[in-house]
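Heads up: the structure comes next, in structure tokens.
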Amino acid sequence: MSRALLEFLAGVVPAENIRQQEPMSEHTTFRVGGPAEVFVTADDRQQLEKVIRYLNLTGWPFFLLGNGSNLLVGDKGYRGVVIRLGREFEKIRTEGNRLTCGAAVSLAKAAKTAMESGLAGLEFASGIPGSVGGGVRMNAGAYGGELGALVESVVVMAKDGSLMELDNDTMEFSYRRSVLKDRPYVVLEVTMRLSDGNREEILARMNDLAAKRKQKQPLEYASAGSTFKRPEGYFAGKLIMDAGLRGARIGGARVSDKHCGFIINDGTATAADIAELIAEVSERVKERFGVSLEPEVIFLGDF
């Protein structure tokens, strides 16, 4: 570990915001992953700007962590800096029918705040276990709704620490992606335009979706949600089921019996188990149906 890096970070963020060899299994919904060499929490834009500028200038690899809900970190960990957004990025406010969220706000909290404010349209996100920043970056969606349909503007930070505000058109939203997938920008804040609604009706919709998730998804196990993107013209879960892979396992990783689109950790899986099973499922579906399955999961570090 570079002493210069640690000394720099110590001059930017509080000492308690810097951890070395932090187990990433504690920060991902798969509940696996080796240690991050350095794990730092930036509490505000000023801290984040200094950290981002330094890492880019010095060439240190870094990864911005959301809720870890779409992330598989290798068992050998990540040789670089993992950045988590802290206090300033956890704020949320409403103004008229606009909902503005810091990037670290959970989608569940954003949906609940919208409901409490009588704002409709975000109900679909109430059960997505990700953050607003990560969700916007990948245009998260469920049950026919997508964040890209609601986003009015996104404030991002570039490599040099400068800020930009991107409108919906500039974000270039499409299925499970946005322009941020290919750009080194950090999401800081997102403003969504919602619709006026009735609190009781909004809550009823959220409860209905929660019941459907509980019935159809393996929520009792650690997972990253839907493992694969939906191939055009198909459903990933059905392809996997029809390939005879329901319940297929490698080590502690298993294709869910409840929903074949989910690969779960039975509590004993390693990241290598999960990665190998993802590859095996993709290969078998390709052989059987000629359809390529693309993982939604981001792979990070050494396996």
Side-chain angles (χ1 to χ4, degrees), residues 29 64-71 85 89-115 117 119-158 163-197 202 205-206 209 212-213 217 224-236 261 293-298:
T29 57
L64 193 82
L65 179 71
N67 278 10
S69 60
N70 215 36
L71 181 65
L85 301 181
F89 306 99
E90 296 168 351
K91 295 179 180 179
I92 186 168
R93 66 183 186 274
T94 59
E95 183 178 352
N97 62 354
R98 288 180 175 85
L99 180 74
T100 299
C101 304
V105 172
S106 71
L107 287 167
K109 181 179 178 181
K112 181 181 179 183
T113 301
M115 179 272 295
S117 302
L119 297 176
L122 198 54
E123 296 91 323
F124 71 88
S126 59
I128 300 176
S131 65
V132 169
V136 166
R137 184 176 182 274
M138 67 166 288
N139 191 16
Y143 294 102
E146 288 183 336
L147 290 179
L150 304 174
V151 169
E152 185 173 78
S153 63
V154 181
V155 178
V156 300
M157 181 177 288
L163 303 183
M164 291 180 289
E165 184 171 309
L166 311 180
D167 63 16
N168 188 283
D169 288 341
T170 306
M171 286 292 295
E172 297 179 6
F173 288 112
S174 59
Y175 177 68
R176 296 298 176 268
R177 68 179 295 113
S178 72
V179 71
L180 301 181
K181 280 278 196 176
D182 307 312
R183 305 287 176 87
Y185 297 150
V186 176
V187 177
L188 304 185
E189 186 177 87
V190 177
T191 296
M192 291 174 269
R193 183 188 288 269
L194 304 176
S195 304
D196 293 331
I202 297 169
R205 171 68 173 158
M206 290 168 62
L209 292 178
K212 288 180 179 178
R213 284 188 176 92
Q217 298 179 9
S226 297
T227 308
F228 300 96
K229 296 180 181 179
R230 185 179 68 241
E232 188 172 353
Y234 299 90
F235 291 99
L293 292 181
E294 182 182 353
E296 284 195 17
V297 177
I298 296 169

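Values below: every heavy atom of this structure, side chains too, minus hydrogens, waters and symmetry copies.
- For residues 121-134, there are no side chain to side chain donor-acceptor pair (under 3.5 Å) pairs, not counting sequence neighbours.
- Applying the salt bridge (charged side-chain N to carboxylate O under 4.0 Å, His left out) test to E152 and every residue at least two apart in sequence or in another chain returns R98, R193.
- Separating the CG atom in L71 from the OG1 atom in T29 is a distance of 8.0 Å, to the nearest 0.5 Å.
- Atom CE of M164 and atom OG1 of T170 lie 10.0 Å apart (nearest 0.5 Å).
- Looking only at distances, no side-chain donor or acceptor of N139 sits under 3.5 Å from a matching main-chain atom of F173.
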Pair up each side-chain donor or acceptor in residues 99-113 with any protein partner under 3.5 Å, not counting sequence neighbours, and list the distances.
from	atom 1	to	atom 2	distance (Å)
T100	OG1	T191	OG1	3.0
S106	OG	K109	N	3.0
T113	OG1	K109	O	2.9

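- Every residue two or more places apart in sequence or in another chain was checked for a side-chain hydrogen bond (donor to acceptor under 3.5 Å, both in side chains) with S174, and none qualifies.
- Among all heavy-atom pairs drawn from A224 and V297, the shortest one is CB-CG2, 4.0 Å.
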Under the side-chain contact (heavy atoms from CB on, under 4.5 Å) rule, what do L122 and L147 come out as? Steps first, then yes or no, please. CA-CA 8 Å; L122 198 54; L147 290 179; 3.7 Å; yes
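- For P184, the side-chain contact (heavy atoms from CB on, under 4.5 Å) partners at least two apart in sequence or on another chain are K159.
- Partners of P295 under the side-chain contact (heavy atoms from CB on, under 4.5 Å) rule, at least two apart in sequence or in another chain, are F228, I278, F299.
- The closest side-chain heavy-atom distance from E232 to Y175 is not below 4.5 Å.
- Between V151 and N168 the shortest heavy-atom distance is O-ND2, 2.7 Å.
- Within the model, atoms OG of S226 and CD of E296 stand 5.5 Å from one another, a figure rounded to the nearest 0.5 Å.
- Minimum heavy-atom separation, L194 to A120: CB-O, 3.3 Å.
- Closest heavy-atom contact between R213 and A142: NH2-CB, 3.8 Å.
- For the salt bridge (charged side-chain N to carboxylate O under 4.0 Å, His left out) condition, the pairs that include at least one residue of residues 131-148, sequence neighbours left out, are E146-R176.
- Put simply, the side chain of P231 reaches to within 4.5 Å of the side chain of L293, judged on heavy atoms.
- E90 meets the salt bridge (charged side-chain N to carboxylate O under 4.0 Å, His left out) test with no other residue; sequence neighbours excluded.
- When the salt bridge (charged side-chain N to carboxylate O under 4.0 Å, His left out) test is applied to K229, the partners found at least two apart in sequence or on another chain are E294.
- Between V156 and the choices V186, L188, L180, L163, the side chain to side chain contact (heavy atoms under 4.5 Å, CB included) rule is met once, by L180.
- Qualifying side-chain contact (heavy atoms from CB on, under 4.5 Å) partners for A149, counting only residues two or more places apart in sequence or in other chains: none.
- Not counting sequence neighbours, the partners of D182 by the salt bridge (charged side-chain N to carboxylate O under 4.0 Å, His left out) test are R177.
- For the side-chain contact (heavy atoms from CB on, under 4.5 Å) test, residues two or more places apart in sequence or in another chain that qualify with E172 are V179.
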Check step by step if side-chain contact (heavy atoms from CB on, under 4.5 Å) holds for I202 and L119. CA-CA 8 Å; I202 297 169; L119 297 176; 5.6 Å; no
